[in-house]
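Take a look at the structure below.
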Amino acid sequence: SGNPNDSNAANTDESAVREYILPDLLIAKNGEKISTSKQWERLRRPELIESIETEMYGRIPDNIPEISWIVESTRDTVIGGVLIQEERLKGIVDNAVYPEVEVEIQVLLGLPKLEKRSAIPVVIELGFLNSPFGKINEPSSYFISPYVPRFKQQLTMQGWGYAILDVNSIQADHGAGLKSGIIGLVNKGESRSPDDWGVLRAWGWGASKLVDYFSERADVDQERVAVEGTSRYGKAALVAMAFDPRISLGFIGSSGAGGASILRRNFGESVENLASTAEYHWFSGNFIKYASLKTVDDLPFDAHSVIALCAPRPVFISAGSSAIEGNWVDAKGMFLGGLNASPVYKLYGFKGYATNDFPFMGTALTEGELAFRQHGGGHSTGPNWSTWIAWARRYWDN
């Protein structure tokens with residue numbers, strides 16, 4: 001329980017964390033040791049994809065209908081002194097196979113109007129939109145000054161664009177919605193099979209469909225598309241990047257259990273919470289057994305495995321202060337997720353963290369392709385945007 005006064009309260013005492021053994025990323029199922037990136041891509045990575053799809057996030061079906069993208073409306077606006085063209089996009093999924101379910105993916109795309117560049121890098125934020133024109137309610141914090149530029153302004157000041165993807169327009173965030181949305185449409189209103197995709201995978205699929213659309217536009221740089229999200233949207237951002245190699249950078253905020261945090265740690269949210277009636281829909285049906293018939297130690301992978309699927313592309317893991325955000329998302333567990341994924345990055349000649357020790361809050365571990373920072377604010381990536389941008393500029397050199 002997240003209530004510290006309950007008899008079954010979640011552990012928030014680091015000294016009470018049990019010992020555990022993580023699955024070795026560099027040993028294949030047949031016992032072969034992985035020592036090169038080619039071995040990883042040929043043998044170990046496909047094994048992990050198979051396990052992670054089947055046992056946790058679910059498989060994307062083959063029979064998904066086509067999507068037609070339209071620009072619903074366009075307007076010019078100014079953010080931080082930068083002229084921006086904002087478009088409301090709609091991705092209409094062909095529902096001829098099951099007309100009872102309609103899926104229309106909603107996106108707000110903002111691109112700086114620059115004379116000297118035709119193709120603009122874009123950060124996809126997984127979140128939600130509010131009418132009339134895509135105003136997003138960013139999480140607030142006592143630790144964030146109201147005068148600090150929000151993410152749109154920080155991106156556009158770099159000459160970069162933003163795309164806010166309304167995940168609920170893809171798939172509702174509750175179990176009853178599994179018979180609607182894109183999952184319900186493909187299943188024609190019937191229940192899922194145990195290895196069918198869950199909501200996190202569906203949201204990640206939506207991000208990939210947006211990348212497909214970007215490939216048709218000359219004003220978006222397909223080589224420089226990133227994904228960002230916080231909390232459950234951080235989980236989905238990690239899933240999107242793990243399974244779509246076209247996403248070049250990740251900004252994974254406070255994703256916790258089911259995201260970047262090591263599941264085998266008995267700290268904060270547990271597998272039992274993820275498998276509860278409030279959250280089971282995020283995952284495949286197969287995942288529920290790890291909170292009943294099996295235990296977390298039976299999982300053939302952990303969060304470090306999911307992060308490793310992103311290699312060699314750079315990933316920044318963000319957390320908030322435990323005093324503000326709480327211990328539920330387990331900042332140290334997310335740090336360890338990245339730390340234990342680093343052997344795969346080293347196969348490509350890239351760097352992980354500069355230290356194996358959990359850093360003091362505010363320390364930016366941004367020397368390598370795996371980066372981490374715990375900011376002093378709450379459940380938001382807000383205080384880490386400037387740090388992420390400075391790190392991202394190494395890869396998105398203007």
Side-chain angles (χ1 to χ4, degrees), residues 123-127 136 138-145 148-152 154-155 158 160 162 164 200 207 226-242 247-262 268-269 303-304 306-307 310 313-342 352-355 358-396:
V123 178
I124 300 173
E125 174 169 275
L126 303 186
I136 186 166
E138 296 182 79
S140 60
S141 166
Y142 293 113
F143 280 67
I144 304 176
S145 166
V148 172
R150 295 305 196 230
F151 79 97
K152 287 183 182 180
Q154 292 196 52
L155 289 173
Q158 305 297 319
W160 301 349
Y162 53 84
I164 303 172
L200 295 178
V227 65
E228 181 269 346
T230 299
S231 194
R232 64 196 64 188
Y233 309 133
K235 303 180 204 296
L238 178 58
V239 171
M241 187 171 183
I247 297 173
S248 68
L249 294 177
F251 188 11
I252 312 303
S254 299
S255 59
S261 181
I262 296 296
E269 188 169 19
H304 68 314
V306 184
I307 298 169
C310 300
R313 293 160 294 143
V315 176
F316 186 113
I317 298 171
S318 170
S321 166
S322 58
I324 305 298
E325 183 175 45
N327 288 305
W328 191 247
V329 299
D330 188 10
K332 185 174 182 179
M334 290 185 285
F335 166 82
L336 292 172
L339 179 66
N340 286 283
S342 63
Y353 302 147
T355 178
F358 184 56
F360 185 78
M361 186 174 65
T363 304
L365 302 179
T366 53
E367 296 85 351
E369 280 64 41
L370 284 169
F372 176 87
R373 184 173 184 263
Q374 182 184 23
H375 61 71
H379 200 51
S380 166
T381 53
N384 267 343
W385 268 104
S386 60
T387 305
W388 181 82
I389 287 171
W391 171 80
R393 283 181 64 88
R394 298 213 318 257
Y395 309 102
W396 285 3

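Source: prediction; values computed, not measured.
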Tell me, do [X] and [Y] make a side-chain contact under 4.5 Å, heavy atoms counted?
X      : Y      : answer
Arg393 : Trp160 : yes
Phe358 : Leu336 : no
Ile317 : Ile307 : yes
Phe251 : Thr381 : yes
Thr363 : Thr355 : no

Can you check whether [Y]'s main-chain N or O pairs, donor with acceptor, with [X]'s side chain at less than 3.5 Å?
X      : Y      : value
Arg313 : Ile247 : yes
His375 : Ser380 : yes
Gln374 : Met361 : no
Arg373 : Gly362 : yes

Of all the heavy-atom pairs spanning [X] and [Y], show the shortest one and how long it is.
X      : Y      : result
Leu249 : Tyr395 : CD2-CD1, 3.9 Å
Ser318 : Asn384 : OG-ND2, 2.8 Å
Ile262 : His304 : CD1-N, 4.0 Å
Glu125 : Glu228 : OE1-OE1, 2.8 Å
Leu238 : Ala260 : CD2-N, 3.9 Å
Cys310 : Val315 : CB-CG2, 3.7 Å

**Asked** So Met334 and Ile252, side-chain contact (heavy atoms from CB on, under 4.5 Å) or not? Walk me through it.
**Response** CA-CA 10 Å; Met334 290 185 285; Ile252 312 303; over 6 Å; no
**Message:** Over 60° means perpendicular and under 30° means parallel, so tell me whether Trp388 and Trp391 are parallel, tilted or perpendicular.
**Reply:**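 Answer is tilted, since the angle falls between 30° and 60°.
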**Message:** Apply side-chain contact (heavy atoms from CB on, under 4.5 Å) to residues Arg394 and Glu367 and explain how you reach the verdict.
**Reply:** CA-CA 10 Å; Arg394 298 213 318 257; Glu367 296 85 351; 5.7 Å; no
**Item:** Test applied, ring pair (Phe, Tyr, Trp, His ring centres under 6.0 Å); reference residue, Phe372; option that passes from Phe335, Phe316, Phe360
**Value:**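 In the set Phe335, Phe316, Phe360, the residue that makes a ring pair (Phe, Tyr, Trp, His ring centres under 6.0 Å) with Phe372 is Phe335.
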**Prompt:** Hey, which of Arg232, Glu325, Lys235 is the one that makes side chain to side chain contact (heavy atoms under 4.5 Å, CB included) with Ser254?
**Reply:**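 Considering Arg232, Glu325, Lys235, a side chain to side chain contact (heavy atoms under 4.5 Å, CB included) with Ser254 is found only for Glu325.
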**Request:** Could I get the full list of ring-ring contact (aromatic ring centres under 6.0 Å, His included) partners for Tyr233, not counting sequence neighbours?
**Result:**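 If we apply the ring-ring contact (aromatic ring centres under 6.0 Å, His included) test to Tyr233, skipping adjacent residues, the hits are Trp203.
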